[in-house]
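Take a look at the structure below.
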Amino acid sequence: MTKPSPRELDHPPFAFVLFGGTGDLAMRKILPALYAAHRDGLLAPDGRIVSVAQTALDTGSYLRWVDEHVKPHIPGTAIDDSVWRSFRERIAYVALDASQPEAFFSLGDTLGAGHGRRIFYLATGPALFVPICRALASAGLTEGSRVVLEKPLGYDLESSNAINDAVGQIFKEDQIYRIDHYLGKEAVQNLLALRFGNSLFEPLWRREWVESIQITVAEELGVEGRGNFYDQTGALRDMVQNHLLQLLSIIAMEPPQSMDADAVRDEKLRVLRALKPVLGEEIRQSVVRGQYHAGAIKDTTVSAYHAEPGVRQGSTTETFVALKVEVENWRWAGVPFFLRTGKRLAGRIAEIVVNFKPVPHSALGAMALRPGSNRLTIRLQPNESIRLSALAKQPGMGMTLQGVHLDLAFDQFFQQGRMEAYQRLLLDVIAGRLALFVRRDEQEAAWRWVAPIIEDWATQGNLPKPYASGTWGPAAASALLARHNTCWQEEEN
Ligand code: BG6
């Protein structure tokens, strides 16, 4: 066997099989990300993309569809026609009914031998994950392949376990790439750099010095044509079970021994397993559910969740969740983590706020004793930045303290462009790097933690509280923090 060249190691050959090839995710995220990787010279020259979907199309018609539906989602500079043409040459289309296992033999014929590692990307609903994996196995296509599972992986602990069990009989854990695209965001990886590349924060990163932590992922968008899906899902399953708990685990984890996939994932898992269960009456105290009503986002009137296409009449699905979480371990015992996410909120912001305790005694007046005057705000999007808030003396006579900020805007500091989350993650799948993918036990721990909340909402009639679009959610979310003598960052002054 000839040894792979360094270039092949960097950009290994692959056959990328995209199930759900005509779907929204393929058009908006996956194909644009593959295009960007192609444009940036990060794909092996003979890497192929085989899009698979049920619609009867030939490759030519599919490519015309791709021209129309993918190009608008490619971020950055104008598309170079010749680069686009060479990207199209990588793509073939196979019409296939995923519920018909016989059809997978012809997929095998299309893939043929060689062409490097096979990657099966399942950008379909979770109901198709198991049938597709089984059909791939019976067509003899799974040996040495990788499978990528999009979220949502199941609907609750039981259904996600059922999928993981069935997929696990076909693929080994190190062949399975569970996507949480938040882990591919530059800013999220920067959290690791910030925490584990600097000695500055580590001594303070613990219960002795941290008063509370806020994690907000706020969206201005509504359900954007996904009413049908979203109405079955809601914010807890769509955002908290995965993205927010992943962020929390990175913020709270112990330093990993190395950046190896399992070293990092072991530490995240420990945090997820240390989450204090929220049960019974505590759910009503610590979890706020909301649903948006009509309102205005930046002067544009938007309609209520109820009026969105695909949403059931009288739906009680939540579009907002705020909750208090505790991590029961030596480092974090007693420190509240406040998590919040919602659609149709006042801004699109993802940020983490670490509030440090005030000084124990102030010779400088009451200002120094105010909570929140020492704080680290890590803005993940938009405009990734870090702000360190401290107190300084106002110039002039006397000793009057005032809040000041040290700001670091990453896009000003680093001139090079940022890689989109999907691009990075797809390149990782192709190269076989698992660190930024969710391991089964992490996913299970996250589902296990949200399960009692899901159960309570389903059985106890805990209806979502209304909030006007364009606000920061229901008043109860503010009251939750007020009970802990704090407030959301934007509520200060
Ligand atoms: C997805 C959710 O996982 O994340 C969507 O399904 C949500 O509802 C999206 O809008 C948010 O991602 P981002 O990268 O825009 O913050």
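When a ligand or atom number is given, it counts from 1 through the structure's own listing order. Side chains are part of it too, since the values below use all heavy atoms of this structure and drop only hydrogens, waters and symmetry mates.
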Inset, instruction - Check ligand 1 against Lys343 and write out every atom of the ligand that is under 4.0 Å from a heavy-atom position of the residue. - result: 5 (C), 7 (C), 8 (O), 10 (O)
Inset, instruction - Tell me which one of Arg237, Met239, Arg226 gets a heavy atom nearest to atom 8 (O) of ligand 1. - result: Arg226
Legend entry - Closest protein heavy atom (residue, atom, distance) for atom 11 (C) of ligand 1: Glu219 OE1, 3.7 Å
Inset, instruction - May I ask you to decide whether Asp238 forms a salt bridge with Lys151, counting only side-chain N to carboxylate O separations under 4.0 Å? - result: yes
Inset, instruction - Write out the residue and atom name of the closest protein heavy atom to atom 14 (O) of ligand 1, then the distance separating them to 0.1 Å. - result: Lys185 NZ, 2.6 Å
Legend entry - Subset of ligand 1 atoms that lie under 4.0 Å from at least one heavy atom of Lys151: 1 (C), 2 (C), 3 (O), 6 (O)
Legend entry - NZ/NE/NH1/NH2 to OD/OE distance under 4.0 Å, Glu420 and Lys29: no
Inset, instruction - Measure Glu420 to ligand 1 on non-hydrogen atoms and call it side chain, backbone, both or neither using the 4.0 Å cut-off. - result: neither
Inset, instruction - Would you mind checking which non-hydrogen protein atom is closest to atom 15 (O) of ligand 1, with the distance to 0.1 Å? - result: Arg348 NH2, 3.6 Å
Inset, instruction - Before accepting this row, confirm whether a basic side-chain N of the pair Glu220/Lys298 lies closer than 4.0 Å to the acidic partner's carboxylate O. - result: yes
Legend entry - Polar atom proximity, His181 to ligand 1 (N or O, under 3.5 Å): yes
Legend entry - Sidechain N-carboxylate O distance under 4.0 Å for Asp411, Arg418: no
Legend entry - Salt bridge flag under 4.0 Å for residues Arg448 and Glu444: yes
Legend entry - salt bridge (charged side-chain N to carboxylate O under 4.0 Å, His left out) partner of Glu173, chosen from Arg439, Arg178, Arg440: Arg178
Legend entry - Min heavy-atom dist Glu224 to ligand 1 below 4.0 Å: no
Inset, instruction - Would you mind telling me if ligand 1 is within reach of the side chain of Tyr230, the backbone, both or neither, using heavy atoms under 4.0 Å? - result: neither
Inset, instruction - For atom 6 (O) of ligand 1, find the nearest protein heavy atom and state the residue, atom name and distance (0.1 Å precision). - result: Asp238 OD1, 2.6 Å
Inset, instruction - Before accepting this row, confirm whether a basic side-chain N of the pair Arg265/Asp262 lies closer than 4.0 Å to the acidic partner's carboxylate O. - result: yes
Legend entry - Salt-bridge contact Glu351-Arg387 (side-chain N to carboxylate O under 4.0 Å): no
Inset, instruction - Would you mind checking which non-hydrogen protein atom is closest to atom 16 (O) of ligand 1, with the distance to 0.1 Å? - result: Tyr182 OH, 2.5 Å
